[in-house]
Amino acid sequence: MTEPSGAHADEPHRQGLAQRLNGLRAGVLGANDGIVSTAAVVVGVAGATSEVGPVLVAGLAALVGGAVSMALGEYVSVSSQRDSERALIQEERRELAEDPDAEFAELVGLYEAQGLTRDTATRVATELTASDALKAHLSIELNIDADDVVSPWTAALASAVAFTIGALLPLATILLAPVEVRVPLTFAAVLVALAVTGYVAAWIGGARRGRSILRTVIGGALALGATYLVGSLFGVAAG
């Protein structure tokens with residue numbers, strides 16, 4: 001696809017943008033879940049025992065199970081989105097083939113609704129229809145690019161890899177740190193990592209960074225605190 005005339009390299013109007021944003025979104029969510037869920041498991045087990053073996057086994061189980069679960073979830077979710085987009089594209093193609101005049105009139109009306117005069121809307125619709133009628137309708141009616149339908153495989157892989165990377169942080173911290181400080185160090189490492197993922201998530205969505213970071217960090221802290229409390233209570237009971 002040719003780059004628009006006058007386009008800037010850092011502006012989001014290049015082909016494949018949906019694919020990149022979809023993979024990035026899945027990666028950020030996967031990393032965040034990997035950090036929180038694995039940290040919650042290992043901190044909970046560490047609250048119940050000072051032995052390294054149970055923490056390692058629980059952490060690895062959480063990592064593998066979580067990565068597979070995230071990948072499957074993303075694949076199913078994005079596959080449904082892709083199937084819906086393909087169905088809409090096929091329906092629009094059918095309408096253009098069966099009644100092109102009505103579709104042209106609809107296109108003119110849509111451009112008029114965007115604030116163009118009747119003459120300008122007709123001229124724009126005429127030129128776009130001559131270039132690629134299907135693309136013109138998909139863009140203004142459905143905000144879909146037929147050449148940039150999201151891939152479930154990209155989302156699944158990004159989510160699984162990011163989950164694994166995120167999960168390795170709390171797992172490595174709690175296994176390598178001295179027993180007497182392993183829980184506080186894991187808390188600190190996790191909260192810093194969550195602040196980073198919160199920032200990136202806000203950047204992707206164009207949201208306020210501070211609020212996203214605060215929300216992510218507070219949620220992670222509550223999860224860690226709750227699981228550590230449960231582990232400690234079970235450890236005392238078992239002892």
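None of the values given here were measured: they were computed from a predicted structure.
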Return yes if some donor-acceptor pair links the side-chain N/O of Thr49 with the main-chain N/O of Ala46 below 3.5 Å, else return no.
-> no
Strictly distance-based, threshold 3.5 Å: is any side-chain N or O of Thr38 a donor or acceptor partner for the main-chain N or O of Ala167?
no
task: Go through the steps for Glu141 and Glu106 under the test side chain to side chain contact (heavy atoms under 4.5 Å, CB included), then give the verdict.
output: CA-CA 9 Å; Glu141 287 186 47; Glu106 180 185 29; 3.3 Å; yes
Smallest heavy-atom separation, Trp203 atom then Arg209 atom, equals CD1-NH2, 3.1 Å
| request: Using the rule that two of Ile, Leu, Val, Met, Phe, Trp, Tyr join whenever any of their side-chain heavy atoms come within less than 4.5 Å, decide whether Leu194 and Val192 are in one cluster. | output: no
The reported gap from CG in Asn143 to CG in Leu88 (rounded to nearest 0.5 angstrom) is 11.5 Å
So CG of Leu168 and OG1 of Thr173: to nearest 0.5 Å the spacing works out to 10.0 Å
| query | Out of curiosity, does Leu171 fall in the hydrophobic cluster containing Tyr228 (side-chain heavy atoms, cut-off under 4.5 Å, transitive links)? | reply | yes
Between the main-chain N or O of Gly73 and the side-chain N or O of Ser77, is there a donor-acceptor pair closer than 3.5 Å?
no
Separation between CD (Glu85) and CG (Leu142), nearest 0.5 Å, reads 9.5 Å
Identify each donor-acceptor pair in which a side-chain atom of residues 52-70 lies under 3.5 Å from a protein atom, sequence neighbours left out, and give them as a table.
none

Distance-only donor-acceptor pairs under 3.5 Å for side chains of residues 113-123, two or more places apart:
{"unit_1": "Thr117", "atom_1": "OG1", "unit_2": "Thr120", "atom_2": "N", "d": "3.2"}
{"unit_1": "Thr117", "atom_1": "OG1", "unit_2": "Thr120", "atom_2": "OG1", "d": "2.9"}
{"unit_1": "Arg118", "atom_1": "NH1", "unit_2": "Glu112", "atom_2": "OE1", "d": "2.6"}
{"unit_1": "Thr122", "atom_1": "OG1", "unit_2": "Arg118", "atom_2": "O", "d": "2.8"}

For Ser79 and Pro152, the nearest pair of non-hydrogen atoms, with its separation, is OG-CB, 3.3 Å
Correct closest heavy-atom pair for Phe187 and Ala221 would be CE2-O, 4.4 Å
request  = Give the cluster check for Leu169 versus Val45: same hydrophobic cluster or not, with ILVMFWY residues linked at side-chain heavy-atom distances below 4.5 Å.
outcome  = no
Members sharing Val181's hydrophobic cluster, built from side-chain contacts under 4.5 Å between Ile, Leu, Val, Met, Phe, Trp and Tyr, are Leu185
Distance col, row Leu138:CG vs Arg93:CZ, nearest 0.5 angstrom, shows 8.0 Å
Exercise for the section: Treating Ile, Leu, Val, Met, Phe, Trp and Tyr as nodes and any side-chain heavy-atom pair under 4.5 angstrom as an edge, say whether Ile35 and Phe163 lie in one connected cluster. Expected result: no
Of all heavy-atom pairs linking Arg182 and Glu51, the shortest is NH1-O, 4.0 Å
All heavy atoms of Leu96 vs all of Leu134, minimum pair found to be CD1-CA, 3.5 Å
Show your working on side chain to side chain contact (heavy atoms under 4.5 Å, CB included) between Glu103 and Leu107 and close with a plain yes or no. CA-CA 6 Å; Glu103 288 299 298; Leu107 191 61; over 6 Å; no
Residues 25-75 vs ring pair (Phe, Tyr, Trp, His ring centres under 6.0 Å), sequence neighbours excluded, gives Tyr75-Trp153
On a heavy-atom basis, the closest approach of Ile213 and Gly198 is CG1-C, 4.1 Å
Q) Should Leu128 and Ile140 be regarded as members of a common hydrophobic cluster, given that ILVMFWY residues are connected when their side-chain heavy atoms come within less than 4.5 Å of each other, either directly or indirectly? A) yes
Sorted by chain and residue number, the salt bridge (charged side-chain N to carboxylate O under 4.0 Å, His left out) partners of Glu91 (sequence neighbours excluded) come out as Arg94
In short, side chain to side chain donor-acceptor pair (under 3.5 Å) pairs touching residues 211-224 with sequence neighbours left out are none
### Query
Could you walk me through whether Thr164 and Val161 pass the side chain to side chain contact (heavy atoms under 4.5 Å, CB included) check?
CA-CA 5 Å; Thr164 301; Val161 171; 5.8 Å; no
